[in-house]
Amino acid sequence: MNDPCRPAYHFTPPAHWINDPNGLIHHKGWYHVFYQHNPGEDGWGDIHWGHARSRDLLQWEHLPIALAPSKEECGEQHCFSGCCAINGKGEPVIFYTMIFGEPREVPSWTGYAMGSADLLRWQKFPRDPVMKTDVHGDTRISEWRDPFVFQFQNRTFMVQGGTRVGKDSRGVVLLYEAMDNDLLRWSYRGVIFEHPQADLRSIECPVFFPIAADRFILILSPYGPVQYWTGTFDPDVPRFNPEVSGVVDHGKNYYAANVFRDGLGRWLSLAWVNGFKERSGNGWCGCLSLPRVLECGTDGRLLQKPAPELRDLRRRHVRRDGGRIQGRLEITELTSDMLEVEAVVQLGTCDSLSVAFVEANSQNARLELKIAGDRVFLNGDEIPNAPLLGANLIELRIFADRSVFEIFINETFCCTRTLHESPTAYFFRLEADSAGAVLERLDLWELAPLTYSSEFELASQK
Ligand code: FRU
């Protein structure tokens, strides 16, 4: 657990495996995060729902496991992803995916659990799922999973992902509507989205919500970079009309993004950061992304910025005032394996700008992002369809947390990347070609770790 790769200001469980964030909910002043968790090993398997809460997204309290598979009672093998909602009687309910065997062989059911008022204790009803696959009538759906509940026009809906099986086999998003106040009776309303890629295996973790007064967003995980579409939603047809699409994160290590709406009215997202060595014997594997605030631009594009709460982690600080850069600017007086940089650069006629975290000992660039005209490269590999095209002003925020890096540019480009090499201390380097660029300002901070507490005996630490 003293593994130097283990991130410190990204959320991690007490030990062992984590994948998707689930059931994100802001309730009575607490941000509750549930997550896909193997409490016994640092690899995927025996999937439970882990649970933690925080008032400020920085100080976390680890809580007892919320859901465990009901193996003996009904042969349930895993509790896959889902969501948490408050029903019409003010009672907390979890909806999740019940898995009885290998996911692709056995149909899944949509199970539920009722929570205590403080969301700390959960009771499952494994013999009494809220939906089985036959809810779709003649339409055959496989890989059906990951319920997400949202409210719209005083009605309560749920979406799930799956594959429509048949001659036009497709990854689809399916819509259901609650028929009672308890949220225990659901009716299937239809397919509201078909993925344009014909050979897609399935759609995982669809998240669908009104991101602005007249605009819905669909975020989904298609066994590749997380994608989004924004558009309008008519619940009566029912139909989602996607108008603008994009990639939520261009890195290879960001998946299963989920959201909560908090008391401030913000939509905040968290996702699973993957790409670490599995079953390495280090006692941990995986973390969640930094919390992001999601908004919709006037052009319909998704805007993402790191949650402002993260500023409270800032400690030692170095600033560079504006000036022309030609060649390298190295900031070597502050080195650490936990850094954040915020910089504003005007490209002007500069054709190549690169930013890097460089290992202080070896002088090797561990993470290097290069903007070359309308192309973007990460550690030498071109990122396809990067939406920076033609931007003259580059507003950068980059986070280095040991082996995890998160890059935000102009709120429209995000990229998460995990590295395997053990980190030591990094310094920050900016480099412009001979045409030069104008640095408006640059701030660099060392960041503090998240803090964790718990009054409970936690399964993964036994
Ligand atoms: C996405 C996913 C979900 C599933 C869960 C299983 O990473 O495959 O579709 O519910 O993880 O752990």
Side-chain angles (χ1 to χ4, degrees), residues 11 13 16-24 33-51 65-69 71 76-84 94-113 124 129-131 133 141-149 158-163 171-174 193 195 200-208 218-228 248-249 251-259 269-276 278-279 285-289 416 418 460:
F11 176 87
H16 295 314
W17 172 264
I18 181 171
N19 59 293
D20 313 355
N22 294 143
L24 305 181
V33 169
F34 302 85
Y35 51 88
Q36 294 281 282
H37 183 37
N38 181 349
E41 271 188 303
D42 47 355
W44 189 90
D46 192 23
I47 292 295
H48 291 57
W49 275 40
H51 186 193
I65 296 276
L67 306 181
K71 289 185 181 149
E76 185 184 44
Q77 297 300 310
H78 304 284
C79 299
F80 270 21
S81 289
C83 63
C84 179
I94 279 176
F95 299 101
Y96 74 101
T97 312
M98 303 177 72
I99 296 288
F100 296 95
E102 276 312 302
R104 275 163 296 286
E105 288 161 18
V106 184
S108 49
W109 293 353
T110 307
Y112 79 104
K124 287 169 76 198
V130 291
M131 281 188 274
T133 14
I141 303 294
S142 69
E143 307 226 22
W144 181 50
R145 55 178 173 268
D146 308 340
F148 177 84
V149 166
M158 177 192 286
V159 285
Q160 299 211 39
T163 306
V172 289
V173 176
L174 306 132
F193 180 80
H195 199 281
L200 192 76
R201 178 163 138 203
S202 190
I203 286 177
E204 298 190 298
C205 303
V207 168
F208 188 59
L218 172 67
I219 298 176
L220 51 85
S221 297
Y223 293 87
V226 177
Q227 300 172 327
Y228 75 85
V248 174
D249 191 289
K252 292 180 182 153
N253 302 119
Y254 179 98
Y255 200 67
N258 212 317
V259 294
S269 71
L270 289 173
W272 168 35
V273 178
N274 55 32
F276 305 94
E278 281 187 42
R279 296 190 165 81
C285 192
C287 70
L288 298 184
S289 68
T416 300
T418 306
S460 59

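Just so you know, ligand 1 is whichever comes first in the structure, and atom 1 is the first atom listed for that ligand. Because only heavy atoms are used, hydrogens play no part in the values below, and waters and symmetry mates are left out as well, while side chains stay in. For reference, positions follow the sequence shown, starting with 1.
Aromatic ring centres of Phe11 and Tyr35: separated by under 6.0 Å. Ring centroids of Trp49 and Phe95 are separated by 6.0 Å or more, keeping the two rings apart.
In this structure, the salt bridge (charged side-chain N to carboxylate O under 4.0 Å, His left out) partners of Asp46, at least two apart in sequence or on a different chain, are Lys71. By the side-chain hydrogen bond (donor to acceptor under 3.5 Å, both in side chains) test, Asp20 pairs with Ser81, sequence neighbours left out.
Close contacts of ligand 1 with Arg145, meaning ligand atoms under 4.0 Å from a residue heavy atom, involve 3 (C), 4 (C), 9 (O), 10 (O). Using a 4.0 Å cut-off to heavy atoms of Asn19, the atoms of ligand 1 that qualify are 5 (C), 6 (C), 7 (O), 11 (O), 12 (O). Numbered from 1 in the order shown, with element, the atoms of ligand 1 that lie under 4.0 Å from a heavy atom of Glu204 read 1 (C), 2 (C), 3 (C), 8 (O), 9 (O). Close contacts between ligand 1 and Gln36 involve ligand atoms 5 (C), 6 (C), 12 (O) [criterion: under 4.0 Å to a heavy atom]. With ligand atoms numbered from 1 in the order given, ligand 1 contributes 1 (C), 7 (O) to contacts under 4.0 Å with heavy atoms of Tyr255.
Between Asp146 and ligand 1, an N or O atom pair is found at a separation short of 3.5 Å.
The shortest separation from a heavy atom of Asp20 to ligand 1 is under 4.0 Å, placing the residue in contact.
Each of Thr133, Ile99, Ile141 was compared with Ser108 under the side-chain contact (heavy atoms from CB on, under 4.5 Å) criterion, and only Ile99 meets it.
A 4.5 Å side-chain heavy-atom check between Phe100 and Glu76 finds at least one atom pair inside the cut-off.
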